[in-house]
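Numbers here simply count residues along the sequence, with the first being 1. No hydrogens, no waters, no symmetry mates; every other heavy atom, side chains included, goes into these values. What you see is a predicted model; the values in this text were computed from it and never measured.
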Amino acid sequence: MKYADATVNSVGDVLRELKAQYDPPKDVVWFRGHELDSWPLTPSLYRGAYKLEHESALLTRFRQNALPLLPFRPSTSWEWLFLMRHHGCPTRLLDWTESPLVALYFASQSNIL
């Protein structure tokens, strides 16, 4: 489903537009906090010098370095990938959220800092 584009000037405007376009919790909508609509939906592993072949080495190195610093031990490769992504390591994962406010923060981050 394609939602209508709208110009907004405040967080209140964003919330009003979202409320007008979908009905939570009936409608589940995922948001991506992209600053520019021209940016492709490309995971960090595929940006720059990295490729999927590098993921195994990155995962191994991350596990070796992170394990002594963690209060728990991730039990699956997916848990390790989620943790890597959370700490800014290149992975095949894209960050998505069900919170429009979290996405809004990342979409406007350069305007805030």
Task: Validation row: Tyr50, Leu58 side chains within 4.5 angstrom (heavy atoms) - done: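 They are in side-chain contact.
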Open item on the list: Can you confirm whether Arg85 sits close enough to Ser44 that some side-chain heavy atom of one is under 4.5 Å from a side-chain heavy atom of the other?
Closed with: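 Side-chain contact under 4.5 Å: yes.
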Is it true that atom [atom1] of [X] has more than 12 heavy atoms of other residues, nucleotides or ligands lying nearer than 6.0 Å?
X	atom1	result
His34	NE2	yes
Arg32	CZ	yes
Arg73	CZ	no

Task: With sequence neighbours excluded, residues passing side-chain contact (heavy atoms from CB on, under 4.5 Å) with Asn9 - done: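 Asn9 satisfies side-chain contact (heavy atoms from CB on, under 4.5 Å) with Asp13 only.
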Task: Pairs flagged by ring-ring contact (aromatic ring centres under 6.0 Å, His included) wherever residues 58-80 is involved - sequence neighbours left out - done: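 Those involving residues 58-80 do not exist here.
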TODO: Give, for atom CG of Leu45 and atom CG of Leu93, the distance between the pair rounded to the nearest 0.5 Å.
DONE: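 Going from the CG atom of Leu45 to the CG atom of Leu93 covers 9.0 Å.
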Open item on the list: Measuring from atom CG of Asp27 to atom CG of Leu18, what distance do you get when rounded to the nearest 0.5 angstrom?
Closed with: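 Those atoms lie 11.5 Å apart.
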Task: Pairing residues for Arg92 by the side-chain hydrogen bond (donor to acceptor under 3.5 Å, both in side chains) criterion, not counting sequence neighbours - done: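 Expected list: Glu55.
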- [ ] Using side-chain hydrogen bond (donor to acceptor under 3.5 Å, both in side chains) as the criterion, list what pairs up with Glu79, not counting sequence neighbours.
- [x]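 Applying side-chain hydrogen bond (donor to acceptor under 3.5 Å, both in side chains) to Glu79 gives Ser75.
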Task: Nearest heavy atoms of Ala103 and Phe31, plus distance in Å - done: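 Closest heavy-atom pair between Ala103 and Phe31: CB-CB, 3.4 Å.
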Task: Minimum heavy-atom distance Leu101-Val11, with the two atoms named - done: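 So the minimum-distance heavy-atom pair works out to CD2-CG1, 3.7 Å.
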Count I, L, V, M, F, W, Y as connected when their side-chain heavy atoms are under 4.5 Å apart, and connections chain through other members. Are [X] and [Y] then in the same cluster?
X	Y	result
Leu59	Leu94	no
Leu83	Leu67	yes
Leu70	Met84	yes
Tyr105	Trp96	no

Task: By ring-ring contact (aromatic ring centres under 6.0 Å, His included) - contacts of Trp30 (at least two apart) - done: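 Trp30: no ring-ring contact (aromatic ring centres under 6.0 Å, His included) contacts found.
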- [ ] List for me each residue that meets ring-ring contact (aromatic ring centres under 6.0 Å, His included) alongside His87, sequence neighbours excluded, and say none if there are none.
- [x]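 Applying ring-ring contact (aromatic ring centres under 6.0 Å, His included) to His87 gives none.
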Task: Sole residue of Val8, Thr97, Val14, Leu15 in side chain to side chain contact (heavy atoms under 4.5 Å, CB included) with Leu104 - done: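 In the set Val8, Thr97, Val14, Leu15, the residue that makes a side chain to side chain contact (heavy atoms under 4.5 Å, CB included) with Leu104 is Val14.
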